[in-house]
Amino acid sequence: MNKIVQFIVLATFVCAALSTSAGIVVLNGLTHEKQVLPGETYRGTIQIQNAGSSAESVRVYLKDYWYSFSGESRYDDGGTLARSNSGWISYNPEVLTLDSAEVATIEFEVKVPAIDTLRGTYWSVIMVEGINEPDPAKAQQGVTVNTAIRYAIQVISNVGTDAASDLQFLGMELKKQEDENVLNIAIENTGECILRPEVSLELFDESGNSTAVIKSDSRRVLPGTSVLSSLILKNVRAGKYNGVLIADCGEERLYGTNFSLEIE
(Lines give C-alpha, C1' and ligand atoms only; values in the text may rest on other atoms or scores of the structure.)
Protein backbone atom coordinates (compact mmCIF):
# COMPACT_ATOMS: atom_id res chain seq x y z
CA MET A 1 0.00 0.00 0.00
CA ASN A 2 1.34 3.42 -0.93
CA LYS A 3 1.47 5.99 1.84
CA ILE A 4 0.57 9.50 0.77
CA VAL A 5 1.77 12.43 2.87
CA GLN A 6 0.06 15.78 2.47
CA PHE A 7 1.89 19.04 3.17
CA ILE A 8 0.27 22.44 3.28
CA VAL A 9 2.69 25.16 2.25
CA LEU A 10 1.56 28.57 3.44
CA ALA A 11 2.81 31.84 1.99
CA THR A 12 1.96 34.97 3.96
CA PHE A 13 1.95 38.40 2.32
CA VAL A 14 1.79 41.43 4.57
CA CYS A 15 3.50 44.37 2.88
CA ALA A 16 1.94 44.97 -0.53
CA ALA A 17 -0.93 43.86 -2.70
CA LEU A 18 0.06 40.78 -4.64
CA SER A 19 -1.31 38.80 -7.53
CA THR A 20 -0.90 35.23 -8.62
CA SER A 21 -1.85 33.22 -11.68
CA ALA A 22 -4.19 31.00 -9.70
CA GLY A 23 -6.06 30.98 -6.42
CA ILE A 24 -7.36 33.77 -4.22
CA VAL A 25 -6.03 37.34 -4.57
CA VAL A 26 -6.78 40.45 -2.48
CA LEU A 27 -7.90 43.38 -4.60
CA ASN A 28 -7.98 46.39 -2.28
CA GLY A 29 -4.73 46.35 -0.35
CA LEU A 30 -3.29 44.62 2.67
CA THR A 31 -3.46 47.49 5.17
CA HIS A 32 -6.51 49.28 6.56
CA GLU A 33 -5.51 52.16 8.86
CA LYS A 34 -7.87 54.54 10.63
CA GLN A 35 -7.57 57.49 13.01
CA VAL A 36 -10.25 57.15 15.71
CA LEU A 37 -11.30 58.24 19.20
CA PRO A 38 -12.28 56.02 22.15
CA GLY A 39 -15.87 54.80 21.75
CA GLU A 40 -15.97 55.17 17.95
CA THR A 41 -16.99 52.43 15.52
CA TYR A 42 -15.84 52.13 11.93
CA ARG A 43 -16.25 49.64 9.14
CA GLY A 44 -14.24 48.37 6.21
CA THR A 45 -14.22 45.75 3.49
CA ILE A 46 -11.74 43.28 2.05
CA GLN A 47 -12.33 42.44 -1.60
CA ILE A 48 -11.04 39.11 -2.87
CA GLN A 49 -11.19 37.34 -6.20
CA ASN A 50 -10.70 33.78 -7.32
CA ALA A 51 -8.10 34.05 -10.09
CA GLY A 52 -8.06 30.30 -10.61
CA SER A 53 -9.89 28.17 -13.13
CA SER A 54 -11.99 26.23 -10.61
CA ALA A 55 -14.02 26.99 -7.50
CA GLU A 56 -12.02 27.65 -4.32
CA SER A 57 -12.98 28.00 -0.68
CA VAL A 58 -11.40 30.35 1.84
CA ARG A 59 -11.56 30.74 5.58
CA VAL A 60 -11.25 34.01 7.47
CA TYR A 61 -9.83 34.38 10.99
CA LEU A 62 -7.99 36.81 13.29
CA LYS A 63 -4.38 36.79 14.50
CA ASP A 64 -1.96 39.12 16.22
CA TYR A 65 1.14 40.04 14.20
CA TRP A 66 4.62 40.89 15.46
CA TYR A 67 7.91 41.24 13.57
CA SER A 68 11.58 41.91 14.27
CA PHE A 69 14.58 43.32 12.39
CA SER A 70 16.13 39.85 12.61
CA GLY A 71 13.53 38.55 10.15
CA GLU A 72 11.47 36.78 12.81
CA SER A 73 7.70 37.21 12.67
CA ARG A 74 4.88 35.70 14.69
CA TYR A 75 1.16 35.18 14.17
CA ASP A 76 -0.15 34.63 17.69
CA ASP A 77 -3.69 34.15 18.91
CA GLY A 78 -5.70 37.34 19.00
CA GLY A 79 -5.21 39.26 22.23
CA THR A 80 -1.64 38.02 22.81
CA LEU A 81 -0.01 41.38 22.16
CA ALA A 82 -0.55 44.26 24.58
CA ARG A 83 -1.63 46.48 21.67
CA SER A 84 -3.89 43.96 19.97
CA ASN A 85 -7.23 45.25 18.68
CA SER A 86 -8.48 41.79 17.74
CA GLY A 87 -11.11 41.94 20.49
CA TRP A 88 -12.58 45.04 18.85
CA ILE A 89 -13.07 43.40 15.44
CA SER A 90 -15.99 41.42 14.06
CA TYR A 91 -16.18 40.16 10.47
CA ASN A 92 -18.41 38.27 8.09
CA PRO A 93 -18.33 35.68 6.54
CA GLU A 94 -15.95 33.21 8.18
CA VAL A 95 -15.97 30.72 5.29
CA LEU A 96 -16.93 31.28 1.66
CA THR A 97 -16.56 29.62 -1.73
CA LEU A 98 -15.83 31.53 -4.93
CA ASP A 99 -16.32 30.31 -8.47
CA SER A 100 -13.64 31.03 -11.05
CA ALA A 101 -13.24 34.83 -11.56
CA GLU A 102 -15.83 35.56 -8.87
CA VAL A 103 -15.30 38.60 -6.63
CA ALA A 104 -16.50 38.58 -3.02
CA THR A 105 -16.45 41.04 -0.12
CA ILE A 106 -15.50 40.37 3.49
CA GLU A 107 -16.99 43.02 5.77
CA PHE A 108 -15.43 43.95 9.09
CA GLU A 109 -16.35 46.29 11.92
CA VAL A 110 -14.07 47.79 14.57
CA LYS A 111 -15.62 48.95 17.86
CA VAL A 112 -13.08 50.95 19.84
CA PRO A 113 -13.78 50.66 23.60
CA ALA A 114 -14.95 53.85 25.30
CA ILE A 115 -11.88 53.98 27.55
CA ASP A 116 -10.35 57.44 27.90
CA THR A 117 -6.88 56.06 28.66
CA LEU A 118 -6.61 54.37 25.26
CA ARG A 119 -4.04 56.10 23.10
CA GLY A 120 -1.66 55.19 20.34
CA THR A 121 -1.67 52.40 17.76
CA TYR A 122 -3.48 49.08 18.14
CA TRP A 123 -3.54 46.41 15.44
CA SER A 124 -4.13 42.83 14.41
CA VAL A 125 -4.50 40.98 11.10
CA ILE A 126 -7.45 39.40 9.35
CA MET A 127 -6.18 36.20 7.75
CA VAL A 128 -7.67 35.11 4.42
CA GLU A 129 -6.53 31.60 3.62
CA GLY A 130 -7.35 29.31 0.72
CA ILE A 131 -8.65 25.88 1.64
CA ASN A 132 -7.15 23.15 -0.50
CA GLU A 133 -8.62 19.75 0.19
CA PRO A 134 -6.38 16.77 -0.67
CA ASP A 135 -7.59 14.94 -3.80
CA PRO A 136 -7.09 11.18 -3.35
CA ALA A 137 -7.71 10.62 -7.07
CA LYS A 138 -4.58 12.61 -7.91
CA ALA A 139 -2.40 10.99 -5.28
CA GLN A 140 0.53 9.02 -6.63
CA GLN A 141 3.31 7.10 -5.00
CA GLY A 142 5.57 9.38 -2.92
CA VAL A 143 4.78 12.76 -1.44
CA THR A 144 1.97 15.05 -2.55
CA VAL A 145 2.52 18.76 -1.85
CA ASN A 146 -0.60 20.88 -1.49
CA THR A 147 -0.07 24.65 -1.64
CA ALA A 148 -2.37 27.16 0.02
CA ILE A 149 -2.00 30.94 -0.19
CA ARG A 150 -2.55 32.98 2.94
CA TYR A 151 -2.94 36.76 3.15
CA ALA A 152 -2.57 38.82 6.32
CA ILE A 153 -4.55 42.07 6.08
CA GLN A 154 -3.50 44.52 8.78
CA VAL A 155 -6.25 46.43 10.59
CA ILE A 156 -4.59 49.37 12.35
CA SER A 157 -6.44 51.67 14.76
CA ASN A 158 -4.70 54.90 15.76
CA VAL A 159 -6.53 56.06 18.88
CA GLY A 160 -6.38 59.71 19.93
CA THR A 161 -3.75 62.28 19.02
CA ASP A 162 -1.53 62.54 22.11
CA ALA A 163 0.34 59.22 21.98
CA ALA A 164 4.03 59.27 22.89
CA SER A 165 6.49 58.52 20.09
CA ASP A 166 9.99 57.15 20.59
CA LEU A 167 12.53 55.31 18.48
CA GLN A 168 15.77 53.52 19.32
CA PHE A 169 18.75 52.52 17.17
CA LEU A 170 19.52 48.96 18.25
CA GLY A 171 22.74 48.62 16.30
CA MET A 172 24.34 48.68 12.89
CA GLU A 173 26.46 46.39 10.72
CA LEU A 174 28.55 47.07 7.63
CA LYS A 175 28.35 44.26 5.10
CA LYS A 176 29.43 43.54 1.56
CA GLN A 177 26.53 42.87 -0.79
CA GLU A 178 27.05 42.34 -4.54
CA ASP A 179 30.32 44.34 -4.48
CA GLU A 180 28.67 47.24 -2.67
CA ASN A 181 29.11 48.25 0.97
CA VAL A 182 25.76 48.19 2.76
CA LEU A 183 25.13 49.63 6.22
CA ASN A 184 22.26 47.82 7.95
CA ILE A 185 20.62 49.73 10.81
CA ALA A 186 18.26 48.02 13.26
CA ILE A 187 15.48 50.35 14.43
CA GLU A 188 12.89 49.69 17.15
CA ASN A 189 9.69 51.59 17.85
CA THR A 190 9.64 52.01 21.63
CA GLY A 191 6.75 54.47 21.68
CA GLU A 192 2.96 54.19 21.60
CA CYS A 193 2.17 55.09 18.00
CA ILE A 194 3.07 53.87 14.52
CA LEU A 195 6.18 55.44 12.96
CA ARG A 196 7.41 55.62 9.36
CA PRO A 197 11.06 56.62 9.68
CA GLU A 198 13.02 57.74 6.65
CA VAL A 199 16.64 57.04 7.50
CA SER A 200 19.42 59.26 6.19
CA LEU A 201 23.17 59.11 6.71
CA GLU A 202 25.73 61.87 6.22
CA LEU A 203 29.40 60.89 6.17
CA PHE A 204 32.30 63.22 6.99
CA ASP A 205 35.94 62.46 6.19
CA GLU A 206 38.79 62.94 8.67
CA SER A 207 39.06 66.59 7.63
CA GLY A 208 35.41 67.20 8.51
CA ASN A 209 34.23 67.50 4.91
CA SER A 210 30.84 66.07 3.99
CA THR A 211 31.43 63.31 1.45
CA ALA A 212 28.07 61.59 1.06
CA VAL A 213 24.40 61.84 2.00
CA ILE A 214 22.48 58.58 1.66
CA LYS A 215 18.78 57.96 2.27
CA SER A 216 16.54 54.92 2.54
CA ASP A 217 12.84 54.51 1.84
CA SER A 218 10.51 54.88 4.82
CA ARG A 219 9.39 51.74 6.63
CA ARG A 220 6.28 51.22 8.74
CA VAL A 221 7.24 50.31 12.34
CA LEU A 222 4.50 49.42 14.81
CA PRO A 223 5.01 49.87 18.58
CA GLY A 224 7.17 47.11 20.03
CA THR A 225 8.40 45.94 16.63
CA SER A 226 11.66 46.58 14.79
CA VAL A 227 12.90 46.74 11.20
CA LEU A 228 16.20 46.69 9.35
CA SER A 229 16.92 49.75 7.24
CA SER A 230 19.65 49.28 4.61
CA LEU A 231 21.79 52.09 3.19
CA ILE A 232 23.89 51.36 0.09
CA LEU A 233 27.20 53.23 0.38
CA LYS A 234 27.59 53.59 -3.36
CA ASN A 235 30.79 55.31 -4.56
CA VAL A 236 32.02 55.85 -0.98
CA ARG A 237 35.78 55.33 -0.99
CA ALA A 238 37.75 53.33 1.53
CA GLY A 239 38.71 55.31 4.62
CA LYS A 240 37.67 56.43 8.07
CA TYR A 241 34.51 58.49 8.49
CA ASN A 242 32.33 60.10 11.12
CA GLY A 243 28.66 59.58 10.50
CA VAL A 244 25.45 61.34 11.49
CA LEU A 245 22.43 59.05 11.31
CA ILE A 246 18.94 60.60 11.31
CA ALA A 247 15.54 58.87 11.38
CA ASP A 248 12.91 61.39 10.23
CA CYS A 249 9.44 60.26 11.32
CA GLY A 250 7.65 63.40 10.17
CA GLU A 251 5.82 66.04 12.22
CA GLU A 252 9.19 67.29 13.54
CA ARG A 253 9.96 63.91 15.12
CA LEU A 254 13.68 63.42 14.46
CA TYR A 255 15.93 60.83 16.08
CA GLY A 256 19.68 60.81 15.56
CA THR A 257 23.01 59.38 16.60
CA ASN A 258 26.71 59.90 15.81
CA PHE A 259 29.18 57.10 15.11
CA SER A 260 32.51 56.30 13.49
CA LEU A 261 32.87 54.08 10.44
CA GLU A 262 35.82 52.55 8.64
CA ILE A 263 35.41 51.28 5.08
CA GLU A 264 38.12 48.97 3.74
Side-chain angles (χ1 to χ4, degrees), residues 11-19 29-33 35 65-75 81 83 120-121 123 125 151-154 156 158 163-264:
T12 303
F13 305 106
V14 297
C15 295
L18 301 176
S19 63
L30 298 180
T31 302
H32 297 260
E33 185 173 354
Q35 185 71 42
Y65 173 53
W66 174 90
Y67 53 91
S68 167
F69 76 92
S70 65
E72 179 187 4
S73 60
R74 295 200 310 263
Y75 293 89
L81 295 179
R83 288 192 165 271
T121 300
W123 76 95
V125 291
Y151 292 90
I153 296 94
Q154 295 187 48
I156 301 172
N158 297 314
S165 62
D166 196 14
L167 180 147
Q168 299 291 328
F169 295 104
L170 300 179
M172 58 189 70
E173 182 182 17
L174 182 64
K175 299 185 70 174
K176 204 79 171 179
Q177 182 176 315
E178 297 181 356
D179 297 325
E180 293 284 1
N181 290 303
V182 178
L183 185 64
N184 292 320
I185 304 105
I187 300 171
E188 182 180 15
N189 183 343
T190 53
E192 299 175 321
C193 59
I194 190 171
L195 296 174
R196 295 174 175 83
E198 180 185 79
V199 178
S200 63
L201 169 67
E202 186 169 9
L203 292 176
F204 299 86
D205 63 20
E206 292 182 284
S207 299
N209 300 311
S210 177
T211 61
V213 177
I214 304 152
K215 293 185 178 182
S216 73
D217 294 333
S218 63
R219 299 280 306 276
R220 181 192 301 123
V221 195
L222 292 159
T225 69
S226 57
V227 297
L228 198 66
S229 183
S230 297
L231 297 169
I232 301 175
L233 308 185
K234 193 174 183 65
N235 299 324
V236 178
R237 297 178 179 179
K240 295 181 179 180
Y241 297 89
N242 291 317
V244 177
L245 190 65
I246 299 293
D248 185 351
C249 298
E251 298 179 359
E252 299 183 354
R253 294 177 297 184
L254 298 173
Y255 305 89
T257 186
N258 298 319
F259 65 98
S260 298
L261 177 69
E262 183 174 1
I263 299 176
E264 299 179 350

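Worth knowing before you read on, the calculation uses all heavy atoms, side chains too, and leaves out hydrogens, waters and symmetry mates.
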* Less than 4.5 Å apart, any side-chain heavy atom of L167 and any of P197? -> yes
* To do: Begin with the C-alpha distance, continue with both residues' side-chain angles, and end with the deciding distance and a verdict on side-chain contact (heavy atoms from CB on, under 4.5 Å) for K240 and L261.
  => CA-CA 6 Å; K240 295 181 179 180; L261 177 69; over 6 Å; no
* To do: For S260 and N242, run side chain to side chain donor-acceptor pair (under 3.5 Å): C-alpha distance rounded to whole Å, both residues' side-chain angles, the deciding distance at 0.1 Å, then the answer.
  => CA-CA 4 Å; S260 298; N242 291 317; 3.3 Å; yes
* Looking only at heavy atoms, which two atoms of L201 and G243 are closest? And how far apart? -> CD1-CA, 4.2 Å
* Which atoms form the tightest heavy-atom contact between I263 and Y241, and what is the distance? -> CD1-CE1, 4.1 Å
* To do: Measure the CG-CD1 distance between L222 and I194 for me, rounded to the nearest 0.5 Å.
  => 4.5 Å
* Between S165 and R253, what is the shortest heavy-atom contact and its length? -> OG-CD, 3.2 Å
* **Nearest-0.5 Å distance, CD of residue E72 to OG of residue S226** => 9.0 Å
* Asked: Tell me, do F259 and I185 make a side-chain contact under 4.5 Å, heavy atoms counted?
  -> no
* Strictly by modelled atom types, are T31 and Q154 linked by a side-chain donor-acceptor pair under 3.5 Å? -> no
* Asked: So how far is it from I187 CD1 to L228 CG, rounded to the nearest 0.5 Å?
  -> 8.5 Å
* Measure the spacing between CZ of R219 and OG of S230 and express it to the nearest 0.5 Å. => 8.0 Å
* Asked: With a 4.5 Å heavy-atom cut-off, do Y65 and T225 have their side chains touching?
  -> no
* Any side-chain heavy atom of T121 sitting closer than 4.5 Å to one from I156? -> yes
* So do the side chains of V199 and K215 get within less than 4.5 Å of each other, counting heavy atoms only? -> no
* To do: Please check if atom CD in E264 has more than 12 non-hydrogen atoms from other residues, nucleotides or ligands closer than 6.0 Å.
  => no
* **Non-hydrogen atoms of F169 and T257 that approach each other most closely** => CD1-CG2, 3.9 Å
* Asked: Given L174, which of N184, L233, V182 fulfils the side chain to side chain contact (heavy atoms under 4.5 Å, CB included) condition?
  -> L233
* Asked: Quick one: does S229's side chain get under 4.5 Å of F69's, heavy atoms only?
  -> no
* How long is the span from the CE atom in M172 to the CG atom in L245, to the nearest 0.5 Å? -> 5.0 Å
* Are side-chain heavy atoms of I153 and H32 found at a separation under 4.5 Å? -> yes
* Between atom OH of Y255 and atom CD1 of I246, what is the distance when rounded to the nearest 0.5 Å? -> 12.0 Å
* Nearest atoms (heavy-atom pairs only) where S68 meets W66 -> CB-CH2, 3.4 Å
* Asked: Would you call D217 and E198 a side-chain contact if the rule is heavy atoms closer than 4.5 Å?
  -> no
* To do: Could you pull out the closest heavy-atom pair between V125 and Y75, with the gap in Å?
  => CG2-CD2, 4.2 Å
* Asked: Can you tell me if CG on N209 sees more than 12 non-hydrogen neighbours from other groups inside 6.0 Å?
  -> yes
* **Heavy-atom neighbours of I232 CD1 exceed 12 at 6.0 Å** => no
